[in-house]
J.: 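Sharing a structure, written as structure tokens. Questions coming.
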Amino acid sequence: MDKQIPLTPALLAQALSGKRLLEDEVPIPQACFQVLRSTKQLIPIPAIENNKGAAKCTRCGNTAMHYFSEYSCGICQKTHLYCRNCIQMGRISECKPLYSWNGAEARWPVHANPLTWEGQLTPAQSRAAAHLEQAVNEIIPSYLCWAVCGAGKTEMLFPAITAALKRGDRVALASPRVDVIRELLPRMRQAFQNITIEALYGGSEQRTGRSQLILATTHQLLRYYQAFDVLIIDEVDAFPYYLDRSLMYAAKQAVKKQATTLYLTATPRKNFRLQMKLGKLPHVFVPLRYHGHLLPVPKFKFSFYLTSQLTNKKLPHVLLKWLTQRKNPKRQLLLFVPEIVMAKELKEVISTCLLETNTIAAAEELEIVFAADQNREEKINQFREKKLHALITTTILERGVTFPSVDVVVLGAGHEVFNEAALVQIAGRAGRSADDPSGEVIFFHDGKTYAMEKARQMILDMNARGRKR
């Protein structure tokens, strides 16, 4: 974090309020830190509560003892517990407190006309946007927007964010996926040109955390406490959010007592569907993409020895046949594989295959990308700019990225990593543009799975509901 912020009372309040930080995370010089602590404007709170062996991490809410470990403290010569569950955010222990702001209340500007976006919403988008705006205006605690892939969820948020900024609220838009945040940042800065906006994620450059509109990965919410009037969680069904209780805990801790949390998803999990069915979660549903065309329906292509062929770095004949018969060979090609090792091992053989079928003109037009790839952002941008024609990827690109004209292939669609939500999202990468709304989606498999069938059925159901609209 920035250690040299201007030390005016107003900026201090904006930089420090609504957070729980370790001492070395507080973005001020040490002398100022000591003054604020001595005047009780910064208050230490226990980072780990340990009551007769029952421990709780204040930051992430962890109470599972197997996620706590001990270390010998060189400062006080004692053995302390520390939390391993959130250690990627910096180690907190019994010895080192978190600091909470107790000074002047932070005030955020009231904006008369914050939205500079001049686009037009479709009727379906306008209906959903009005519901989201109403939820913010009425401070409804939780509201879900269920919109198909490519419906234009970002644009549907603009009226709700506008309503909050007109009220002088502070807003956070969080997602489990860093690619989502990277893609949203320029769009939000273009839509709200006069609002202070920054993105918080591992490796992000500007991280003062004192902007009125914050974009962040859900992990970054662990540092906030009662900070936001409106919290938007995009891709709420994405890994790791839906499996990580500490991230859900962080989201609840990050909002004020009177606040609105908006959830966005194209593939709601069972818990959300049940809450909607029982009437416990107000929601709006958008079954159509912004351009009005239906979702591409996946086609299943069977290959008897597919798993063993892929393991032995071979490609099925049915893939070669499909490549030579593609409806639009000019489309870029997005190939999903279940494992990083497979992506690396298959690159050469896939490159040869694509060259033989004239899918690519040179081997340099194909790349692989995965979560730990240090050049991940650069490769995605190259694909977006059409410097690459084909991209082999893991599920890391199942959501959060938009390419205007692609065909989508899943090799080994029956693998356990490809669950229902992942397959729906993967299929949703095709047909995103109004100029090319019908990209092909092909699932190559050696045995249909329940997840494959459920994914295709969900897409068919969405299309049926879209036709009625």
J.: Does any part of the side chain of Leu264, heavy atoms only, come nearer than 4.5 Å to the side chain of Ile233, both counted from C-beta?
T.: no

J.: Under 3.5 Å, is there a donor-acceptor pair between the side chain of Glu365 and the main chain of Lys387?
T.: no

J.: May I ask you to test the Leu157-Leu132 pair for a side-chain heavy-atom distance under 4.5 Å?
T.: yes

J.: Hey, could you give me the OG1/CE distance between Thr267 and Met462, rounded to the nearest 0.5 Å?
T.: 10.5 Å

J.: Would you say the side-chain atoms of Ser175 pair up with the backbone N or O of Thr217, donor to acceptor, closer than 3.5 Å?
T.: no

J.: Once rounded to the nearest 0.5 Å, what's the spacing between atom CD of Gln309 and atom CZ of Phe304?
T.: 11.0 Å

J.: Does the side chain to side chain contact (heavy atoms under 4.5 Å, CB included) test come out yes or no for Lys153 and Gln125, once each step is laid out?
T.: CA-CA 8 Å; Lys153 294 191 292 293; Gln125 288 177 321; over 6 Å; no

J.: Does the structure place the NZ or CZ of Arg465 under 6.0 Å from the centre of the six-membered ring of Phe285, at an angle of no more than 45° from the ring's axis?
T.: yes

J.: So, is the end of the Arg376 side chain (NZ or CZ) under 6.0 Å from the ring centre of Phe370 and within 45° of the ring's axis?
T.: no

J.: Assess whether side chain to side chain contact (heavy atoms under 4.5 Å, CB included) is satisfied between Asp446 and Tyr305, documenting all intermediate values.
T.: CA-CA 6 Å; Asp446 52 8; Tyr305 296 110; over 6 Å; no

J.: Just wondering, do Thr393 and Leu335 contact through their side chains at under 4.5 Å, heavy atoms?
T.: no

J.: Run Leu323 and Cys353 through side chain to side chain contact (heavy atoms under 4.5 Å, CB included) and show every step you take.
T.: CA-CA 9 Å; Leu323 285 169; Cys353 171; 3.4 Å; yes

J.: Do Tyr143 and Tyr263 have ring centroids that are under 6.0 Å from one another?
T.: no

J.: For residues Thr265 and Glu235, is any side-chain donor paired with an opposing acceptor at under 3.5 Å?
T.: no

J.: So, do Asn419 and Leu423 sit near enough that their side-chain heavy atoms are less than 4.5 Å apart?
T.: no

J.: Is it true that Asp179 and Arg399 have a side-chain N and a carboxylate O under 4.0 angstrom from each other?
T.: no

J.: Can you find a pair of side-chain heavy atoms, one from Ile195 and one from His111, that are under 4.5 Å apart?
T.: yes

J.: State whether the side chain of Arg429 and the backbone N or O of Val408 hold a donor-acceptor pair below 3.5 Å, judged by distance alone.
T.: no

J.: Measure the CD1-CD distance between Ile368 and Glu345 for me, rounded to the nearest 0.5 Å.
T.: 10.5 Å

J.: Less than 4.0 Å between a side-chain N and a carboxylate O, is that true for Asp407 and Arg331?
T.: yes

J.: Is a salt bridge present between Glu367 and Lys379, judged by a nitrogen-to-oxygen distance below 4.0 Å?
T.: yes

J.: Side chains of Trp108 and Asp169: closer than 4.5 Å at any heavy-atom pair?
T.: no

J.: Looking at Arg273 and Glu420, is there a salt bridge between them, counting it only when a charged N and a carboxylate O are closer than 4.0 Å?
T.: yes

J.: Please check if the number of heavy atoms outside His317 that lie under 6.0 Å from its NE2 is greater than 12.
T.: no

J.: Under 6.0 Å between ring centres: does that hold for Phe444 and Phe302?
T.: no

J.: Work out which heavy atom in Ala434 is nearest to a heavy atom in Tyr290; give both atom names and the distance.
T.: N-OH, 3.4 Å

J.: Other residues, nucleotides and ligands only: do more than 12 of their heavy atoms fall within 6.0 Å of OH on Tyr67?
T.: no

J.: Using 0.5 Å steps for rounding, measure from the NZ atom of Lys314 to the OG1 atom of Thr311.
T.: 11.5 Å

J.: Side chain to side chain contact (heavy atoms under 4.5 Å, CB included) between Val236 and Phe272: does it pass, once the steps are laid out?
T.: CA-CA 10 Å; Val236 69; Phe272 276 127; 3.7 Å; yes

J.: Checking the side chain of Asn463 only, and the main-chain atoms of Leu295 only, is there a donor and an acceptor separated by less than 3.5 Å?
T.: yes

J.: Checking Arg20 against Tyr225: charged group under 6.0 Å from the ring centre and within 45 degrees of the axis?
T.: yes

J.: Taking 4.0 angstrom as the limit, do Arg326 and Glu440 come out as a salt bridge?
T.: no

J.: Before you tell me yes or no, could you show the steps for Asp436 and Ser405 under side chain to side chain donor-acceptor pair (under 3.5 Å), namely the whole-Å CA-CA distance, both residues' side-chain angles and the distance that decides it to 0.1 Å?
T.: CA-CA 6 Å; Asp436 185 19; Ser405 180; 2.5 Å; yes

J.: Quick one: do Glu155 and Arg187 make a salt bridge, cutoff under 4.0 Å?
T.: yes

J.: Is any side-chain heavy atom of Leu333 closer than 4.5 Å to a side-chain heavy atom of Val409?
T.: yes

J.: Under 6.0 Å from the CD atom of Glu416, do we count more than 12 heavy atoms belonging to anything else shown?
T.: no

J.: Decide if atom CD of Glu348 counts as having more than 12 heavy atoms of other residues, nucleotides or ligands within a radius under 6.0 Å.
T.: no

J.: Between NZ of Lys344 and CD1 of Ile392, what distance do you get to the nearest 0.5 Å?
T.: 12.5 Å

J.: List the steps and the verdict of side chain to side chain donor-acceptor pair (under 3.5 Å) for Gln457 and Asp461.
T.: CA-CA 6 Å; Gln457 190 57 52; Asp461 291 345; 2.9 Å; yes

J.: With side chains defined as the heavy atoms from C-beta onward, is the minimum distance between Asn137 and Gln134 less than 4.5 Å?
T.: no

J.: Using a strict threshold of under 4.0 Å (side-chain N to carboxylate O), is an ion pair present between Arg210 and Glu198?
T.: no

J.: Okay, side chain of Arg432, backbone of Gly428: is any donor-acceptor separation there less than 3.5 Å?
T.: yes

J.: Measure from NZ or CZ of Arg91 to the centre of the six-membered ring of Tyr71 and say whether it is under 6.0 Å with the direction within 45° of the ring axis.
T.: yes

J.: Mind listing the closest non-hydrogen atom pair of Ala216 and Ile181 along with its distance?
T.: O-CD1, 3.3 Å

J.: Show your reasoning for whether side chain to side chain donor-acceptor pair (under 3.5 Å) applies to Gln275 and His283.
T.: CA-CA 10 Å; Gln275 289 181 56; His283 64 281; over 6 Å; no

J.: With rounding to the nearest 0.5 angstrom, report the NE2 to CZ distance, His293 to Arg289.
T.: 10.5 Å

J.: Check this for me: Gln88, atom CD, are more than 12 non-hydrogen atoms of other residues, nucleotides or ligands nearer than 6.0 Å?
T.: yes

